[in-house]
> 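Structure incoming, see below.
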Amino acid sequence: MGKAQLSVTTQDREADGESHSTPGVQALTRGIQILECVAAAPSGLRFTELLDRTGMPKGTLHRLLQALVEERLLGLDTRNQTYRLAARLFQWAHKVWDDFDLRGAAEPELERLRDLTGEAIRLGVMDGGSVLYIDQREVPQPLRLNNGVGSRAAPHASGLGKAMLAHLSLEKRRALLADMALEKLTPHTITDSEELIRQLDLTKARGYAVSVDEQNIGISSVAAPVLNHRGEPIGAVGIIGPSFRLPVDRLHALGREVIEAARRTSGNFGEFAMSLGIQPRPLGIDRADVRCVIPASTFLGEGPHWSERDGKLYFVDILAPAVHTGDTVKGTYSSLAVPELVGFIIPRARGGFVTAMHGEIRGLDLPSGSITTIARPEADRPGNRFNDGKCDRKGRLWAGTLAIDTAPDQGRLWRLDPDGRTYEMERGLHVSNGLGWSPDDKTFYFTDTAKQTIYAYDFDLEAGTIANRRVFATVPASEGKPDGLTVDAEGFVWSAHWDGWCVTRYDPDGKVERVINLPVPRPTSCVFGGPDMQTLFVTTARIRLSAAQLADAPLSGSVFAIDTGIKGLPDPMFAG
């Protein structure tokens, strides 16, 4: 770039109180600041938004933007006057990855994990049809296994292999599995291809893989993929050790650590919206009106539904797939494991339940565990799964989807009518989440968690249509992410804030009316219930929380109750 393009005037420096800065360095720093702001925005930024985020003088920002556009580092979309990253950055990124030294980049992370866990650490790559270990860090008393550098492991039975298989594109995964003999190495090895695919989808949603006695009896591991800038696995980092030192609970607690190590190795590339960091715990003592009513350890508790008919709270665990029936008086629950990722459970007027498993809407009979398929609206997108869902007051089911790897703009919103017909109501969504309706059925609320936004639509109950999407509320990143929601009888919206330690109540204009802090960082959804419909039940998660974070919030994964003194609206059953 020429000096004229990136020069900063004396007036500009004096306006910012930086007259002693080196002009060239200052211009470069500011240019990088602009690029980082644009990169962090989900859909580009206008000039006025950049002014606000950078705090630069108008003249300086205008000149730097012009220079960045001329050098093809930024592009200006003339349709909506927004700036986006341009092609030259991607050309540079390809060059970086062409020269990427996986072993060198992973070295400090292998040593950090070894020191943190006291277990052996492996770095592996896919080589043909097997996992090749290319680096390792041992503990003082290493495992007596022939699995050091240069040795190989079966992808379908090892933590590292399953982590990489799960994150391959569906086409590459199919091709690799078609040529792979699923050899039974131990009684615990998965040799059924359909079961393996279900486990790989679960691994992709969690972000890490576990292997318990699958490669060798008495040996367990947890691993995460190292992803390049295209989201493709170029290797995996894993912790491996004796099963008695790595029980299942500890493997899952270490899942966050291997994800973090893999991200650091690749320069923080990874799943697009997978959350590792949490906001600091709110100061002050725990609230007396917040109670843990169902102690549990769900990985990702979600989709709560209070059944007035049964006097029970139904909810699911998405990532240890199961549906739960909770007794909020006794503080107990029973579980039914299900074969695939499950998003919600809602009673049916005819008896039984409707659920969403992976990309299908299914009927479920709890006593027998019998599952039937009702609709396959996501059949054309096998990489998508259903997330949250609820029924309107006509008994129609509304449910949103997202990409399992949380890739942007892949999700859709569907309506399933009682006669079994499905209708696509919205598309281009990132992480479909909480939904609900105003008491007068004039407004539909819908959440895109990755966009930090709760939207409002005009709703026609008779026709079952939505229109005029607008922003209802935007959650600052410092307050977590909007997750599941419910609407009370006064028309106020309650939203659980993932990574925000709280539930927030918004008035019908989208203004914060109150914030109720919880003793756990990851509330996921909420619903009104109880004999008087004035208790707000809140599901929570413990997935990807570190051991230290779980020690600070040991009730993560439990169900909480908030005595609100405000009457809620009952959630309708599915009429089909």
> Check the pair Asp483, Thr524 against side-chain hydrogen bond (donor to acceptor under 3.5 Å, both in side chains), reporting the backbone distance first and the verdict last.
CA-CA 6 Å; Asp483 204 319; Thr524 57; 5.5 Å; no

> Begin with the C-alpha distance, continue with both residues' side-chain angles, and end with the deciding distance and a verdict on side chain to side chain contact (heavy atoms under 4.5 Å, CB included) for Val237 and Leu160.
CA-CA 7 Å; Val237 177; Leu160 279 80; over 6 Å; no

> Tell me, which pairs form a ring-ring contact (aromatic ring centres under 6.0 Å, His included) where one or both residues lie in residues 348-380, sequence neighbours left out?
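Matches after skipping sequence neighbours: Tyr314-Phe353.
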
> Can a donor-acceptor pair be found, under 3.5 Å and without considering hydrogens, that links the side chain of Thr265 to the backbone of Val226?
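Looks like no, no N/O pair under 3.5 Å.
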
> Say whether Ser556 and Arg542, considering side chains only, have a donor N or O and an acceptor N or O under 3.5 Å apart.
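Looking only at side-chain atoms, Arg542 and Ser556 do not form any donor-acceptor pair under 3.5 Å.
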
> Closest heavy-atom contact between Val342 and Ile318?
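That would be O-CG1, 3.0 Å.
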
> Salt bridge between Glu260 and Arg264, side-chain N to carboxylate O under 4.0 Å?
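Result for this pair is yes, salt bridge flagged.
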
> Inspect the surroundings of NZ in Lys184 and state if more than 12 heavy atoms from other residues, nucleotides or ligands are less than 6.0 Å away.
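Correct, the count exceeds 12.
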
> List the steps, then state whether salt bridge (Lys or Arg N to Asp or Glu O under 4.0 Å) holds for Arg198 with Glu195.
CA-CA 5 Å; Arg198 285 194 290 268; Glu195 172 61 20; 3.0 Å; yes

> For Asp448, which residues count as a salt bridge (charged side-chain N to carboxylate O under 4.0 Å, His left out) partner, sequence neighbours excluded?
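Result, salt bridge (charged side-chain N to carboxylate O under 4.0 Å, His left out) vs Asp448: Lys451.
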
> Quick one: closest heavy-atom pair of Gly241 and Leu246, and the distance?
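For Gly241 and Leu246, the tightest heavy-atom pair comes out as N-CD1, 3.3 Å.
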
> Looking only at atom types and distance, does a side-chain atom of Ser307 sit under 3.5 Å from a main-chain N or O of Asp310, one as donor and one as acceptor?
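Answer holds: yes.
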
> If you compare all heavy atoms of Ala575 against all heavy atoms of Ala349, which two are closest, and at what distance to 0.1 Å?
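In this case the closest contact between Ala575 and Ala349 is CA-CB, 4.3 Å.
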
> May I have the step-by-step check of side-chain hydrogen bond (donor to acceptor under 3.5 Å, both in side chains) for Glu378 and Thr401, ending in yes or no?
CA-CA 8 Å; Glu378 289 285 326; Thr401 64; 3.1 Å; yes

> How many angstroms lie between CD1 in Ile371 and OG1 in Thr355, if you round to the nearest 0.5 Å?
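Here the interatomic distance stands at 6.5 Å.
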
> Would you give the length of the straight line joining atom CG of Leu435 to atom CG of Leu413, rounded to the nearest 0.5 angstrom?
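Nearest 0.5 Å value for the CG-CG distance: 7.0 Å.
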
> My understanding is that only residues two or more places apart in sequence, or in another chain, count here; which of them pass salt bridge (charged side-chain N to carboxylate O under 4.0 Å, His left out) with Glu360?
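Counting only residues at least two positions away or on another chain, Glu360 forms a salt bridge (charged side-chain N to carboxylate O under 4.0 Å, His left out) with Arg362, Arg376.
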
> Hey, is the main chain of Ser546 close enough, under 3.5 Å, to the side chain of Gln549 for a donor-acceptor pair?
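Yes, Gln549 side chain to Ser546 backbone: donor-acceptor pair under 3.5 Å.
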
> So, the side chain of Gln279 versus the backbone of Ala477: is there a donor-acceptor pair under 3.5 Å, distance only?
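It does hold such a pair.
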
> With no hydrogens and no angle check, is any side-chain donor or acceptor of Thr189 less than 3.5 Å from a backbone partner on Glu214?
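Present.
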
> How many angstroms lie between CE in Met126 and CG in Leu176, if you round to the nearest 0.5 Å?
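These two atoms lie 4.5 Å from each other.
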
> Report yes if some heavy atom in the side chain of Asp417 is under 4.5 Å from a heavy atom in the side chain of Leu397; otherwise report no.
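Side chain of Asp417 against side chain of Leu397, heavy atoms only: no contact under 4.5 Å found.
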
> Taking the side chain as everything from C-beta on, heavy atoms only, tell me whether Thr539 gets closer than 4.5 Å to Pro523.
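SC-SC contact between Thr539 and Pro523 ruled out.
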
> Should Arg415 and Arg421 count as side-chain neighbours, where that means a heavy-atom distance under 4.5 Å?
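Counting from C-beta outward, Arg415 and Arg421 never come under 4.5 Å.
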
> If every non-hydrogen atom of Met357 is compared with every non-hydrogen atom of Pro339, which pair is closest and at what distance?
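What the structure gives for the nearest pair is SD-CD, 4.4 Å.
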
> Would you mind reporting whether Leu202 and Leu341 have side-chain heavy atoms less than 4.5 Å apart?
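Yes - at least one pair of side-chain heavy atoms lies under 4.5 Å apart.
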
> Verify, without hydrogens or angle tests, whether Asn228 (side chain) and Glu232 (backbone) share a donor-acceptor contact under 3.5 angstrom.
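Yes: the side chain of Asn228 pairs with the backbone of Glu232.
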
> For a quick test of reading the model, state the closest non-hydrogen atom pair linking Ala375 to Gly420 and the distance between them.
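The pair with the smallest heavy-atom distance is CB-O, 4.5 Å.
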
> Answer whether the closest heavy-atom distance between the side chains of Thr325 and Leu366 falls below 4.5 Å.
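They are in contact (side-chain heavy atoms under 4.5 Å apart), so the answer is yes.
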
> Applying side chain to side chain contact (heavy atoms under 4.5 Å, CB included), run through Asp317 and Leu300 and close with a yes or a no.
CA-CA 5 Å; Asp317 188 341; Leu300 183 51; 4.1 Å; yes

> Is there a donor in the side chain of Glu426 and an acceptor in the side chain of Trp414, or the other way round, less than 3.5 Å apart?
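No donor-acceptor contact under 3.5 Å links the two side chains.
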
> Apply salt bridge (Lys or Arg N to Asp or Glu O under 4.0 Å) to Arg250 and Glu119, showing your working.
CA-CA 12 Å; Arg250 190 179 181 215; Glu119 304 293 349; 3.5 Å; yes

> Can you check salt bridge (Lys or Arg N to Asp or Glu O under 4.0 Å) on Glu138 and Arg122, steps first, answer last?
CA-CA 9 Å; Glu138 296 287 2; Arg122 298 284 185 269; 3.2 Å; yes

> Do the charged groups of Arg412 and Glu424 touch, with an N to O distance under 4.0 Å?
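Yes, Arg412 and Glu424 are salt-bridged.
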
> Going by the rule ring pair (Phe, Tyr, Trp, His ring centres under 6.0 Å), which residues pair with Phe446 if we only count those two or more places apart in sequence or in a different chain?
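Applying ring pair (Phe, Tyr, Trp, His ring centres under 6.0 Å) to Phe446 gives none.
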
> Where is the tightest heavy-atom contact between Ser221 and Gly159, given as atom of each residue plus distance?
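Shortest heavy-atom contact: OG-N, 3.3 Å.
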
> Measuring only between side-chain heavy atoms, which start at C-beta, is Thr186 closer than 4.5 Å to Gln215?
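Side chain of Thr186 against side chain of Gln215, heavy atoms only: no contact under 4.5 Å found.
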
> Asp201 and salt bridge (Lys or Arg N to Asp or Glu O under 4.0 Å): which single residue from Arg173, Arg206, Arg385 fits?
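Going through the options one by one, the only one that passes is Arg173.
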
> When you measure from the side chain of Asp213 to the backbone of Gly218, do you find a donor-acceptor pair of N or O atoms at a distance under 3.5 Å?
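Yes, Asp213 side chain to Gly218 backbone: donor-acceptor pair under 3.5 Å.
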
> Could I get the full list of ring pair (Phe, Tyr, Trp, His ring centres under 6.0 Å) partners for His324, not counting sequence neighbours?
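Only Phe315, Tyr333 meet the ring pair (Phe, Tyr, Trp, His ring centres under 6.0 Å) criterion with His324.
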
> Is there a ring pair (Phe, Tyr, Trp, His ring centres under 6.0 Å) between His252 and Phe299 once you walk through the steps?
CA-CA 9 Å; His252 288 292; Phe299 286 134; 4.3 Å; yes

> With side chains defined as the heavy atoms from C-beta onward, is the minimum distance between Leu555 and Phe560 less than 4.5 Å?
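Yes, side chains in contact.
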
> Does the pair Asn433 and Glu302 meet the rule for a side chain to side chain contact (heavy atoms under 4.5 Å, CB included), with working shown?
CA-CA 10 Å; Asn433 225 315; Glu302 261 284 10; 3.9 Å; yes

> Give a yes or no on this: more than 12 heavy atoms of other residues, nucleotides or ligands lie within 6.0 Å of atom CD of Glu194.
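For Glu194, atom CD is not crowded (no more than 12 foreign heavy atoms under 6.0 Å).
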
> What residues form a side chain to side chain contact (heavy atoms under 4.5 Å, CB included) with Thr203, not counting sequence neighbours?
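Only Ala166, Ala209 meet the side chain to side chain contact (heavy atoms under 4.5 Å, CB included) criterion with Thr203.
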
> Are Arg544 and Arg522 close enough that some pair of their side-chain heavy atoms sits under 4.5 Å apart?
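They are in contact (side-chain heavy atoms under 4.5 Å apart), so the answer is yes.
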
> Go through Leu545 and Ile278 one step at a time and tell me if the side chain to side chain contact (heavy atoms under 4.5 Å, CB included) criterion holds.
CA-CA 9 Å; Leu545 293 177; Ile278 60 174; 4.0 Å; yes

> With side-chain hydrogen bond (donor to acceptor under 3.5 Å, both in side chains) as the criterion, how do Gln452 and Lys481 come out once you've worked through the C-alpha distance, each side chain's angles and the decisive distance to 0.1 Å?
CA-CA 6 Å; Gln452 302 282 146; Lys481 297 176 181 292; 3.2 Å; yes

> Please confirm whether the backbone N or O of Ala157 pairs with a side-chain atom of Ser211, one donor and one acceptor, at under 3.5 Å?
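Side chain of Ser211 to backbone of Ala157, a donor-acceptor pair under 3.5 Å: yes, one is there.
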
